[in-house]
Amino acid sequence: LAAVKEVDFVVICDADHDRGPEQVERLLAPFRDPEVALVCGARTGRVGLTPPQRFGNWLAVFLIGLGWGRRFHDLGPFRAIRRRLFPVDRLEDRGFGWNVEMNVRALEGGLGIVEVPLPAGRRVHGTNRISSTLRGIFGAGFGILRQIYRMREESCRPLSSS
């Protein structure tokens, strides 16, 4: 994201998001409001999510709500940013906590965030490297919870006087 500078919007999705082309217009529609910096696709129907994914997603959005005062419906991978408003230089996570970090950085910056309900479906190609194995489920869960903890610790630290 840091390398992409000469565009107005960046759309992010997982590699097998077969409905992406059909849903991009709905994802970008909230950007008609010039104050919106982040649009998150909130998966509806939960057809393609396993019980551990549904629970983990619920727990993560609950903890973000407790820590930062806004409860999201989903932390799905389909999202878009307005490049000039979003602080991509503050994004550090390269693992499972990247979507948590995007939402929290937007909250901390007082940026406009919109969730757009989008229908979710079953994976069409391949297998999910996260939900198809215990290692993936626990690894993703640990990475997401670790990121929430790190960011909460960071936001609770007193500012240095030097």
Side-chain angles (χ1 to χ4, degrees), residues 1-15 17 20 27-28 30-31 33-44 46 49-118 120 128-162:
L1 290 176
V4 180
K5 296 181 189 316
E6 302 301 320
V7 298
D8 293 327
F9 307 102
V10 177
V11 174
I12 303 156
C13 69
D14 51 359
H17 193 75
L27 189 72
L28 294 177
F31 287 122
D33 178 343
E35 301 300 313
V36 172
L38 173 65
V39 178
C40 303
R43 297 168 286 193
T44 62
R46 308 288 199 229
L49 298 179
T50 64
Q53 285 175 299
R54 282 194 296 274
F55 174 74
N57 193 60
W58 172 85
L59 180 60
V61 296
F62 176 77
L63 292 172
I64 291 171
L66 281 178
W68 288 271
R70 173 154 177 199
R71 176 112 187 247
F72 294 96
H73 293 92
D74 188 24
L75 287 176
F78 196 39
R79 46 192 51 231
I81 61 169
R82 184 184 306 265
R83 182 61 182 86
R84 70 177 170 75
L85 293 180
F86 198 88
V88 296
D89 57 319
R90 294 207 54 217
L91 298 176
E92 298 173 0
D93 192 285
R94 300 290 183 257
F96 293 115
W98 69 273
N99 50 359
V100 167
E101 187 175 26
M102 284 187 107
N103 286 42
V104 170
R105 294 293 181 215
L107 288 172
E108 290 175 342
L111 303 177
I113 307 168
V114 175
E115 281 188 291
V116 175
L118 297 171
N128 189 310
R129 66 184 174 95
I130 299 168
S131 65
S132 62
T133 67
L134 284 176
R135 180 180 179 175
I137 291 168
F138 286 109
F142 178 77
I144 290 167
L145 292 175
R146 180 181 60 201
Q147 185 64 16
I148 291 170
Y149 175 79
R150 283 180 179 167
M151 296 186 81
R152 193 66 201 145
E153 284 290 302
E154 174 186 306
S155 67
C156 291
R157 270 190 223 127
L159 295 175
S160 170
S161 58
S162 53

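Computed from a prediction, not measured in an experiment: that's the story for all the values here. Throughout, residue positions are numbered sequentially from 1 according to the sequence presented.
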Show the numbers, then the answer: is there a side-chain contact (heavy atoms from CB on, under 4.5 Å) between Phe78 and Val116?
CA-CA 10 Å; Phe78 196 39; Val116 175; over 6 Å; no

Carefully, step by step, assess Asp8 and Phe31 under the rule side-chain contact (heavy atoms from CB on, under 4.5 Å).
CA-CA 10 Å; Asp8 293 327; Phe31 287 122; over 6 Å; no

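How far CD1 of Ile81 is from CD1 of Ile12: 5.5 Å, rounded to the nearest 0.5 Å. The CD atom of Glu115 sits 9.0 Å away from the CG atom of Leu38 when rounded to the nearest 0.5 Å. Between atom CZ of residue Phe62 and atom CZ of residue Phe55 there is a gap of 10.0 Å, rounded to the nearest 0.5 Å.
Shown here for Asp74 and Gly41, the closest heavy-atom pair between the two residues is OD2-O, 3.7 Å. What you find for Leu85 and Pro34 is that their closest heavy atoms are CD1-O, 3.5 Å. Here the shortest heavy-atom pairing between Leu27 and Ala80 reads CD2-CB, 3.8 Å.
Taking the side chain as every heavy atom from C-beta outward, Tyr149 and Glu153 approach each other to under 4.5 Å. Val88 is listed as a side-chain neighbour of Arg83, based on a closest heavy-atom distance under 4.5 Å. A 4.5 Å side-chain heavy-atom check between Leu28 and Val39 finds every atom pair outside the cut-off. In this structure, Arg152 and Leu63 have side chains that are not in contact, with every pair of non-hydrogen atoms separated by 4.5 Å or more. The closest side-chain heavy-atom distance from Arg43 to Pro77 is below 4.5 Å.
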Sequence neighbours left out, cut at 3.5 Å: what donor-acceptor pairs do the side chains of residues 99-114 make with other protein atoms?
residue, atom, partner, partner atom, Å
Asn99, ND2, Leu75, O, 2.5
Glu101, OE1, Glu92, N, 2.9
Glu101, OE1, Asp93, N, 2.7
Glu101, OE2, Glu92, N, 3.0
Asn103, OD1, Arg79, NH1, 2.7
Asn103, OD1, Arg79, NH2, 3.2
Arg105, NE, Arg90, O, 3.3
Arg105, NH1, Glu108, OE1, 3.0
Arg105, NH1, Glu154, OE2, 2.7
Arg105, NH2, Glu154, OE1, 3.4
Arg105, NH2, Glu154, OE2, 3.4
Glu108, OE2, Trp68, NE1, 3.2

